[in-house]
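Worksheet for the structure shown next.
Values below: every heavy atom of this structure, side chains too, minus hydrogens, waters and symmetry copies.
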Amino acid sequence: MGRAHAADIALMTLIKAGQDPDILRSVRPIEPSFFEENRFAIGNVNSKILINILSQKNPVSLLSGAKIDLSSVLQKANKNEFHHIFPRAHLKREGLENDRINAIANICFLSKSDNNRIKDKEPSAYVSMMTDGKIDEILQTNLVPVNFATLSYDEFMRDRSILIANFANSLAGIWGTSH
(Lines give C-alpha, C1' and ligand atoms only; values in the text may rest on other atoms or scores of the structure.)
Protein backbone atom coordinates (compact mmCIF):
# COMPACT_ATOMS: atom_id res chain seq x y z
CA MET A 1 0.00 0.00 0.00
CA GLY A 2 1.33 3.42 -0.98
CA ARG A 3 1.68 6.44 1.27
CA ALA A 4 -1.35 8.17 -0.26
CA HIS A 5 -3.57 5.17 0.42
CA ALA A 6 -2.25 4.89 3.98
CA ALA A 7 -2.97 8.60 4.56
CA ASP A 8 -6.50 8.23 3.13
CA ILE A 9 -7.19 5.23 5.35
CA ALA A 10 -5.88 7.07 8.41
CA LEU A 11 -8.13 10.05 7.60
CA MET A 12 -11.16 7.81 7.10
CA THR A 13 -10.44 6.14 10.43
CA LEU A 14 -10.46 9.56 12.14
CA ILE A 15 -13.70 10.54 10.43
CA LYS A 16 -15.34 7.23 11.34
CA ALA A 17 -14.26 7.69 14.96
CA GLY A 18 -16.11 11.03 15.01
CA GLN A 19 -13.01 13.14 15.22
CA ASP A 20 -12.84 16.39 13.31
CA PRO A 21 -9.73 16.38 11.13
CA ASP A 22 -8.73 19.63 9.47
CA ILE A 23 -9.91 18.46 6.05
CA LEU A 24 -13.56 18.58 7.17
CA ARG A 25 -13.28 22.33 7.82
CA SER A 26 -12.73 22.89 4.11
CA VAL A 27 -15.69 20.84 2.87
CA ARG A 28 -17.81 22.94 0.54
CA PRO A 29 -21.49 22.27 -0.03
CA ILE A 30 -22.51 20.54 -3.23
CA GLU A 31 -24.75 22.74 -5.35
CA PRO A 32 -27.96 21.42 -6.96
CA SER A 33 -26.62 22.44 -10.38
CA PHE A 34 -24.04 19.63 -10.08
CA PHE A 35 -26.83 17.08 -10.61
CA GLU A 36 -28.28 18.91 -13.61
CA GLU A 37 -25.03 19.76 -15.37
CA ASN A 38 -23.29 16.36 -15.16
CA ARG A 39 -24.18 13.41 -17.37
CA PHE A 40 -24.74 9.85 -16.23
CA ALA A 41 -22.25 7.23 -17.41
CA ILE A 42 -21.65 4.19 -15.24
CA GLY A 43 -17.88 4.62 -15.15
CA ASN A 44 -17.57 8.32 -14.35
CA VAL A 45 -16.94 9.73 -10.90
CA ASN A 46 -19.89 12.13 -10.92
CA SER A 47 -22.31 9.28 -11.63
CA LYS A 48 -20.73 7.26 -8.83
CA ILE A 49 -21.37 10.19 -6.50
CA LEU A 50 -25.08 10.00 -7.33
CA ILE A 51 -25.12 6.21 -6.95
CA ASN A 52 -23.46 6.44 -3.54
CA ILE A 53 -25.81 9.20 -2.37
CA LEU A 54 -28.90 7.27 -3.47
CA SER A 55 -27.61 4.03 -1.97
CA GLN A 56 -27.63 5.74 1.46
CA LYS A 57 -31.43 5.94 1.21
CA ASN A 58 -31.84 2.16 0.71
CA PRO A 59 -33.79 2.76 -2.50
CA VAL A 60 -36.66 0.68 -3.77
CA SER A 61 -37.69 0.22 -7.38
CA LEU A 62 -39.83 3.04 -8.71
CA LEU A 63 -42.98 1.10 -9.62
CA SER A 64 -43.06 -2.06 -7.53
CA GLY A 65 -41.41 -0.72 -4.40
CA ALA A 66 -39.25 -3.86 -4.36
CA LYS A 67 -35.98 -3.52 -2.45
CA ILE A 68 -32.95 -2.95 -4.63
CA ASP A 69 -30.20 -5.49 -3.91
CA LEU A 70 -27.47 -2.91 -3.46
CA SER A 71 -24.73 -5.45 -2.82
CA SER A 72 -25.34 -6.98 -6.23
CA VAL A 73 -25.98 -3.74 -8.12
CA LEU A 74 -23.04 -1.85 -6.64
CA GLN A 75 -20.64 -4.77 -6.95
CA LYS A 76 -21.37 -5.26 -10.63
CA ALA A 77 -21.88 -1.55 -11.34
CA ASN A 78 -24.57 -2.79 -13.68
CA LYS A 79 -25.95 0.02 -15.81
CA ASN A 80 -29.11 -2.05 -16.34
CA GLU A 81 -30.27 -1.13 -12.83
CA PHE A 82 -30.10 2.63 -13.43
CA HIS A 83 -32.80 4.26 -15.49
CA HIS A 84 -34.28 7.59 -16.46
CA ILE A 85 -37.19 8.83 -14.34
CA PHE A 86 -38.36 10.85 -17.35
CA PRO A 87 -37.75 8.21 -20.05
CA ARG A 88 -35.33 8.94 -22.88
CA ALA A 89 -37.83 8.24 -25.66
CA HIS A 90 -40.42 10.56 -24.08
CA LEU A 91 -37.88 13.38 -23.75
CA LYS A 92 -36.59 12.79 -27.30
CA ARG A 93 -40.17 13.28 -28.55
CA GLU A 94 -40.19 16.57 -26.61
CA GLY A 95 -37.08 17.64 -28.56
CA LEU A 96 -34.53 17.51 -25.74
CA GLU A 97 -30.87 16.84 -26.44
CA ASN A 98 -29.03 13.80 -25.04
CA ASP A 99 -26.95 15.89 -22.64
CA ARG A 100 -30.08 17.23 -20.94
CA ILE A 101 -31.85 13.85 -21.01
CA ASN A 102 -28.91 12.02 -19.45
CA ALA A 103 -28.39 14.45 -16.58
CA ILE A 104 -27.62 12.48 -13.43
CA ALA A 105 -30.61 14.11 -11.69
CA ASN A 106 -32.83 12.12 -14.07
CA ILE A 107 -31.42 8.75 -12.96
CA CYS A 108 -32.66 6.36 -10.28
CA PHE A 109 -32.34 2.72 -9.30
CA LEU A 110 -35.01 0.77 -11.18
CA SER A 111 -35.48 -2.92 -11.70
CA LYS A 112 -35.42 -4.18 -15.26
CA SER A 113 -39.03 -5.38 -14.98
CA ASP A 114 -40.21 -1.97 -13.76
CA ASN A 115 -38.26 -0.29 -16.55
CA ASN A 116 -39.96 -2.57 -19.10
CA ARG A 117 -43.37 -1.58 -17.68
CA ILE A 118 -42.56 2.14 -17.89
CA LYS A 119 -41.04 1.95 -21.38
CA ASP A 120 -41.38 5.44 -22.84
CA LYS A 121 -44.31 6.66 -20.74
CA GLU A 122 -44.11 10.08 -19.18
CA PRO A 123 -44.37 10.18 -15.37
CA SER A 124 -47.99 11.40 -15.43
CA ALA A 125 -48.87 8.21 -17.34
CA TYR A 126 -46.90 5.71 -15.23
CA VAL A 127 -47.48 7.19 -11.75
CA SER A 128 -50.73 5.20 -11.55
CA MET A 129 -48.67 2.01 -11.94
CA MET A 130 -46.79 2.69 -8.69
CA THR A 131 -47.62 0.31 -5.83
CA ASP A 132 -50.44 1.74 -3.71
CA GLY A 133 -49.49 2.33 -0.12
CA LYS A 134 -45.79 2.52 -0.98
CA ILE A 135 -45.65 5.66 -3.08
CA ASP A 136 -44.28 7.90 -0.30
CA GLU A 137 -41.56 5.34 0.57
CA ILE A 138 -40.71 4.84 -3.10
CA LEU A 139 -40.29 8.56 -3.72
CA GLN A 140 -38.44 9.26 -0.46
CA THR A 141 -35.92 6.45 -0.94
CA ASN A 142 -35.19 7.70 -4.45
CA LEU A 143 -35.09 11.40 -3.52
CA VAL A 144 -37.85 12.12 -6.03
CA PRO A 145 -40.20 15.07 -5.45
CA VAL A 146 -43.66 13.93 -4.32
CA ASN A 147 -45.31 15.88 -7.16
CA PHE A 148 -42.85 14.70 -9.84
CA ALA A 149 -45.59 13.42 -12.17
CA THR A 150 -47.15 16.89 -12.46
CA LEU A 151 -43.92 18.78 -13.04
CA SER A 152 -42.37 19.83 -16.30
CA TYR A 153 -38.97 18.28 -16.92
CA ASP A 154 -37.22 21.55 -16.03
CA GLU A 155 -39.18 21.83 -12.77
CA PHE A 156 -38.46 18.18 -11.96
CA MET A 157 -34.74 18.62 -12.61
CA ARG A 158 -34.61 21.69 -10.36
CA ASP A 159 -36.61 20.11 -7.52
CA ARG A 160 -34.86 16.74 -7.59
CA SER A 161 -31.44 18.35 -7.79
CA ILE A 162 -32.27 20.34 -4.66
CA LEU A 163 -33.43 17.19 -2.84
CA ILE A 164 -30.27 15.29 -3.77
CA ALA A 165 -27.97 18.21 -2.90
CA ASN A 166 -29.64 18.77 0.46
CA PHE A 167 -29.32 15.09 1.33
CA ALA A 168 -25.70 14.95 0.17
CA ASN A 169 -24.87 18.03 2.21
CA SER A 170 -26.58 16.58 5.28
CA LEU A 171 -24.41 13.46 4.92
CA ALA A 172 -21.36 15.74 4.97
CA GLY A 173 -22.65 17.60 8.02
CA ILE A 174 -23.50 20.73 6.03
CA TRP A 175 -27.04 22.01 6.60
CA GLY A 176 -29.25 24.57 4.92
CA THR A 177 -27.05 25.18 1.90
CA SER A 178 -29.43 24.57 -1.00
CA HIS A 179 -32.63 26.33 -1.99
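How far CD of Q56 is from CG of L171: 5.5 Å, rounded to the nearest 0.5 Å. N169 CG to N166 CG: the interatomic distance, rounded to the nearest 0.5 Å, is 6.5 Å. Considering CG of L63 and CG of D114, their distance stands at 4.0 Å, rounded to 0.5 Å. In this structure, the separation between CG on L54 and CD1 on I68 is 10.5 Å, given to the nearest 0.5 Å. The line from CE of M157 to CD1 of I101 is 10.5 Å long, rounded to the nearest 0.5 Å. Rounding to the nearest 0.5 Å gives a distance of 6.5 Å between CG of L151 and CZ of F86.
Partners of V144 according to the side chain to side chain contact (heavy atoms under 4.5 Å, CB included) rule, which considers only residues two or more places apart in sequence or in another chain, are I85, L139, N142, F148, F156, R160. Residues meeting the side chain to side chain contact (heavy atoms under 4.5 Å, CB included) test with E137, sequence neighbours left out: V60, K67, K134, T141. Taking R158 as the reference, nothing meets the salt bridge (charged side-chain N to carboxylate O under 4.0 Å, His left out) condition, with sequence neighbours excluded. Residues meeting the side-chain hydrogen bond (donor to acceptor under 3.5 Å, both in side chains) test with E155, sequence neighbours left out: S152. The salt bridge (charged side-chain N to carboxylate O under 4.0 Å, His left out) search around E122 returns none, not counting sequence neighbours. The salt bridge (charged side-chain N to carboxylate O under 4.0 Å, His left out) check on R88 picks up nothing, with sequence neighbours excluded.
Shown here is D132, whose CG atom has no more than 12 heavy atoms of other residues, nucleotides or ligands within 6.0 Å.
Checked options H90, K92, R93; the residue passing with D120 is R93 (criterion: side chain to side chain donor-acceptor pair (under 3.5 Å)).
Contact detail for K121 and P87: the closest heavy-atom pair is O-CG, 3.0 Å. Taking every heavy atom of both residues into account, I42 and K48 meet most closely at O-CE, 3.7 Å. In terms of heavy-atom proximity, I30 sits nearest to A168 at CG2-CB, 3.8 Å. For the pair D154 and R100, the tightest heavy-atom approach, listed with the atom from each and the gap, is OD1-NH2, 2.8 Å. Closest of all the heavy-atom pairs between S124 and A149 is CB-O, 3.4 Å.
Between I118 and L110, the closest side-chain pair of non-hydrogen atoms falls below 4.5 Å. Looking at L62 and Y126, their side chains come closer than 4.5 Å, going by heavy atoms from C-beta outward. In this structure the side chain of I51 reaches within 4.5 angstrom of the side chain of F40, judged on heavy atoms. No side-chain heavy atom of N44 sits less than 4.5 Å from a side-chain heavy atom of N38. The closest side-chain heavy-atom distance from I164 to F34 is not below 4.5 Å. Under the 4.5 Å side-chain criterion, counting only non-hydrogen atoms from C-beta, Y153 is not in contact with E94.
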Quiz item: Can you check side chain to side chain contact (heavy atoms under 4.5 Å, CB included) on I53 and I49, steps first, answer last?
Solution: CA-CA 6 Å; I53 290 168; I49 289 170; 3.7 Å; yes
Practice problem: Report the C-alpha separation of L50 and F82 in whole Å, then their side-chain angles, then the decisive distance to 0.1 Å, and conclude whether the side chain to side chain contact (heavy atoms under 4.5 Å, CB included) test is met. | Solution: CA-CA 11 Å; L50 174 75; F82 306 105; over 6 Å; no
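Not a single donor-acceptor pair under 3.5 Å links the side chain of S161 to the backbone N or O of S33. Distance alone, capped at 3.5 Å, places no donor-acceptor pair between the S61 side chain and the A66 backbone. Looking only at distances, no side-chain donor or acceptor of S64 sits under 3.5 Å from a matching main-chain atom of M130.
Using modelled atom types, one finds a donor on one side chain and an acceptor on the other under 3.5 Å when comparing H84 with N102.
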